[in-house]
Asker: 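Would you mind keeping the following structure in view while I ask a few things?
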4 protein chains.
Amino acid sequence: MRKKDDEKQRNIKKAVIKLILEEGFHGTSISKIAKEAGVSPATVYIYYENKDMMLQDIYREYSEEIFCHLLDRVSEDMDGRQLIELVVRSYYSYIHENDEIFYFVEQFSSCPALTNQCGVKGNIVSIYNLFNDLKRKKVLKPLRNDTIMAVIFSPVKAISNNQCNPEDEKVDILKELIKIIQDALLL
Amino acid sequence: MRKKDDEKQRNIKKAVIKLILEEGFHGTSISKIAKEAGVSPATVYIYYENKDMMLQDIYREYSEEIFCHLLDRVSEDMDGRQLIELVVRSYYSYIHENDEIFYFVEQFSSCPALTNQCGVKGNIVSIYNLFNDLKRKKVLKPLRNDTIMAVIFSPVKAISNNQCNPEDEKVDILKELIKIIQDALLL
Amino acid sequence: MRKKDDEKQRNIKKAVIKLILEEGFHGTSISKIAKEAGVSPATVYIYYENKDMMLQDIYREYSEEIFCHLLDRVSEDMDGRQLIELVVRSYYSYIHENDEIFYFVEQFSSCPALTNQCGVKGNIVSIYNLFNDLKRKKVLKPLRNDTIMAVIFSPVKAISNNQCNPEDEKVDILKELIKIIQDALLL
Amino acid sequence: MRKKDDEKQRNIKKAVIKLILEEGFHGTSISKIAKEAGVSPATVYIYYENKDMMLQDIYREYSEEIFCHLLDRVSEDMDGRQLIELVVRSYYSYIHENDEIFYFVEQFSSCPALTNQCGVKGNIVSIYNLFNDLKRKKVLKPLRNDTIMAVIFSPVKAISNNQCNPEDEKVDILKELIKIIQDALLL
DNA sequence: TATGAATGAGTGTTCATTCAT
DNA sequence: GATGAATGAACACTCATTCAT
């Protein structure tokens with residue numbers, strides 16, 4: 001019977017993420033979520049204490065999923081240029097393939113009122129470990145991890161978000177960006 | 001006949017921006033706005049057609065204010081390194097000094113449900129003109145404007161947003177960042 | 001200058017009657033009326049004490065207009081049958097040609113909450129005088145005036161209101177009705 | 001899971017009908033209805049999709065109740081005169097005994113803005129069948145059903161509505177009316 | 001006289017949440 | 001565990017009316 005329950009919760013999560021992309025945080029109510037998930041509003045409260053907790057839980061679950069996605073792809077035998085290209089491209093494609101999740105996380109994290117309560121700020125540790133490792137191996141320049149993070153990820157995010165450019169132009173921009181990031185970070 | 005009271009509208013705008021920082025988009029209701037602005041809920045509707053229009057109007061007004069702020073500071077006699085340092089530092093300090101406005105714009109623009117309706121996209125033209133000019137003068141590398149934008153601004157934004165780091169560490173990170181951006185973009 | 005004012009008031013009246021047909025009593029607000037009439041909401045209050053008084057005034061003005069319309073058409077030299085046919089047909093055509101006014105009056109008078117305040121019940125006196133006259137002349141049977149009123153007018157109203165029947169069928173029904181009323185009332 | 005509470009819905013209906021008599025269509029708000037019915041405003045929306053649908057539903061339920069009331073009283077062994085007297089008197093007494101319902105239906109049906117959406121029109125069929133039957137049996141004159149309807153019911157309604165006459169005078173008028181209708185319709 | 005700005009009280013409706021089953 | 005009924009509080013918005021000009 002455990003199966004059934006888990007599926008309900010999964011449906012709820014899916015519904016939340018879908019609706020928040022479509023209708024924003026305001027405009028996504030418990031009853032809409034329940035309808036979309038095919039359960040009763042009351043059922044939501046079996047799995048989550050209240051709406052805020054629900055959003056936080058889901059945020060926590062997905063906010064660093066992307067980094068796992070990246071780390072899974074990194075392997076020991078890559079050189080620095082390969083590694084950066086891989087990470088950047090994987091990040092870009094994750095955003096495209098998981099747009100609902102990505103926008104959910106983005107919206108949540110750009111709302112101080114939500115993140116203040118939440119305090120995720122957390123398990124990026126493994127990415128940081130990777131950077132530390134690469135710095136020790138003289139692959140990366142000796143920069144602060146926060147700097148490296150900002151340089152690798154945020155420009156890619158900015159490109160993805162930009163709804164003006166057509167897809168094929170974005171590919172070209174990405175190529176320029178990879179080169180820049182490689183030159184900026186690698187020794 | 002009473003004249004439209006500019007101060008009233010200014011108070012409404014201030015209230016919106018303040019409340020959205022404090023309470024997020026959801027959680028910011030017309031009646032809270034009205035109370036904060038010291039007017040009746042009905043008065044809001046004299047100045048704005050409805051809530052959506054109000055947010056869009058305010059977003060449109062502020063979304064590119066930051067770029068004016070930057071362009072005002074740029075002067076002809078700077079070399080490339082100076083210019084980039086100035087732009088980056090000004091951007092950073094704008095975010096700090098206008099955090100309410102900045103977070104309002106960020107939250108709005110990270111919500112597809114809102115931005116889809118609102119076609120701003122617009123008048124960043126003058127920044128683009130500056131870049132084009134600098135490329136012609138062989139100061140900037142011949143990169144796409146979108147790439148340049150992404151490289152200059154988004155890492156700074158990422159640093160500012162990061163609520164983990166204490167202020168003095170951010171200063172150091174900013175220094176690293178400026179160096180990286182200079183090397184990446186200047187010929 | 002008296003001209004101008006009167007026109008404003010006429011526009012307001014027209015607007016009220018039009019909007020009440022289109023949108024009913026609820027749904028017809030002062031500001032909609034003002035917009036339709038091309039004046040400011042405040043202007044309405046120059047001509048009428050408040051909304052209720054406005055409706056009552058307009059009701060009073062039009063509620064017995066129809067009877068004037070009828071009496072104008074009656075002439076001395078008609079016999080009983082002619083007179084009844086004329087009255088019935090005129091009543092019917094008045095409803096069709098002045099549907100906005102008619103429905104305004106109908107809606108108003110079928111709402112006890114409105115009519116209770118308003119004591120019109122009034123100047124049908126001239127119709128009653130006509131009936132009394134005809135009874136004295138042994139044209140009409142010696143029935144109560146209220147009975148005569150009910151028999152002549154209400155069936156015609158019922159026919160007009162009936163939105164099922166096509167127009168040409170109504171003409172036939174009207175013919176039947178006239179015959180019935182003539183036989184019922186005339187000596 | 002709580003069951004839908006029939007009594008709640010009944011209370012809501014009663015409240016609607018009572019308030020509409022007292023305060024008219026405008027002036028009868030959901031919150032007044034809810035208070036009168038002893039439920040929360042939100043509860044109303046469990047039983048009805050929205051205010052318009054609520055009014056329509058209730059209208060549909062009651063608009064032809066009166067005809068059932070009449071048909072129940074008609075029996076085979078009456079002659080024409082008896083039948084008409086019975087129908088007229090029953091109609092009159094129904095109006096008096098169910099004045100709230102009657103005025104609700106009247107107000108609703110005299111508002112084109114409401115009836116246009118609604119499309120009841122419907123099940124007066126059984127009354128029509130009765131008329132057809134009586135015409136076949138040579139009891140009624142061969143008149144159109146709409147004519148018969150108009151002649152029987154609308155004058156009675158007009159009398160009932162008339163708030164000038166005292167009750168005992170109405171009784172006399174009714175007597176006159178019955179005679180007239182009998183003579184007009186019976187062979 | 002005439003106006004558009006301004007408003008408190010109200011509108012219909014939905015919200016997050018709890019209750020009874 | 002799961003539900004739909006139930007709700008008080010809140011929502012966005014409009015109302016009839018008044019104010020200052």
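Order of the sequence lines fixes the chain letters, A, B, ..., with proteins taken first and strands second; residue numbering starts at 1 for each chain.
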Asker: Hey, does B/Ile30 reach any base, or is it just sugar-phosphate, or nothing, if we go heavy atoms under 4.0 Å?
Answerer: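 Here B/Ile30 touches the backbone only, sparing every base.
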Asker: Taking only side-chain N and O atoms of D/Thr43, does any of them lie within less than 4.0 angstrom of OP1 or OP2 on F/dA6?
Answerer: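 Negative; the distance criterion is not met.
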Asker: Do you know the tightest heavy-atom contact between C/Ala15 and C/Ile33?
Answerer: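 Smallest heavy-atom distance, with atoms named: CB-O, 3.7 Å.
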Asker: Run D/Ile95 and D/Asn161 through side chain to side chain contact (heavy atoms under 4.5 Å, CB included) and show every step you take.
Answerer: CA-CA 9 Å; D/Ile95 293 176; D/Asn161 269 335; over 6 Å; no
Asker: Mind checking if A/Val39 touches a base, just sugar-phosphate, or nothing, with heavy atoms under 4.0 Å?
Answerer: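 Contact class for A/Val39: sugar-phosphate only.
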Asker: Taking the ring centre of each residue, are B/Tyr59 and B/Phe108 less than 6.0 Å apart?
Answerer: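 Yes - the distance between ring centres of B/Tyr59 and B/Phe108 falls below the 6.0 Å cut-off.
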Asker: For A/Lys18, is the NZ atom crowded, meaning more than 12 foreign heavy atoms sit under 6.0 Å from it?
Answerer: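 No, because the 6.0 Å sphere around NZ of A/Lys18 holds 12 heavy atoms or fewer from other groups.
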Asker: With respect to the phosphate group of F/dC11, does any side-chain polar atom (N or O) of B/Ser29 fall under 4.0 Å of OP1 or OP2?
Answerer: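 Affirmative; the distance criterion is met.
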Asker: Select one nucleotide: of F/dG4, F/dC13, E/dC15, the one nearest the side-chain heavy atoms of A/Ala42.
Answerer: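 The listed nucleotide nearest to A/Ala42's side chain is F/dG4.
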Asker: Which nucleotide in the list E/dG4, F/dA16, E/dT7 gets nearest to the side chain of C/Lys51?
Answerer: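 Nearest listed nucleotide: F/dA16.
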Asker: The side chain of A/Ser40 is closest to which nucleotide in this list: E/dG12, F/dT18, F/dG4?
Answerer: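 Selected nucleotide (nearest to the side chain): F/dG4.
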Asker: Under 4.0 Å between a side-chain N/O of B/Tyr47 and OP1 or OP2 of E/dA6, yes or no?
Answerer: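 Answer is yes, contact under 4.0 Å.
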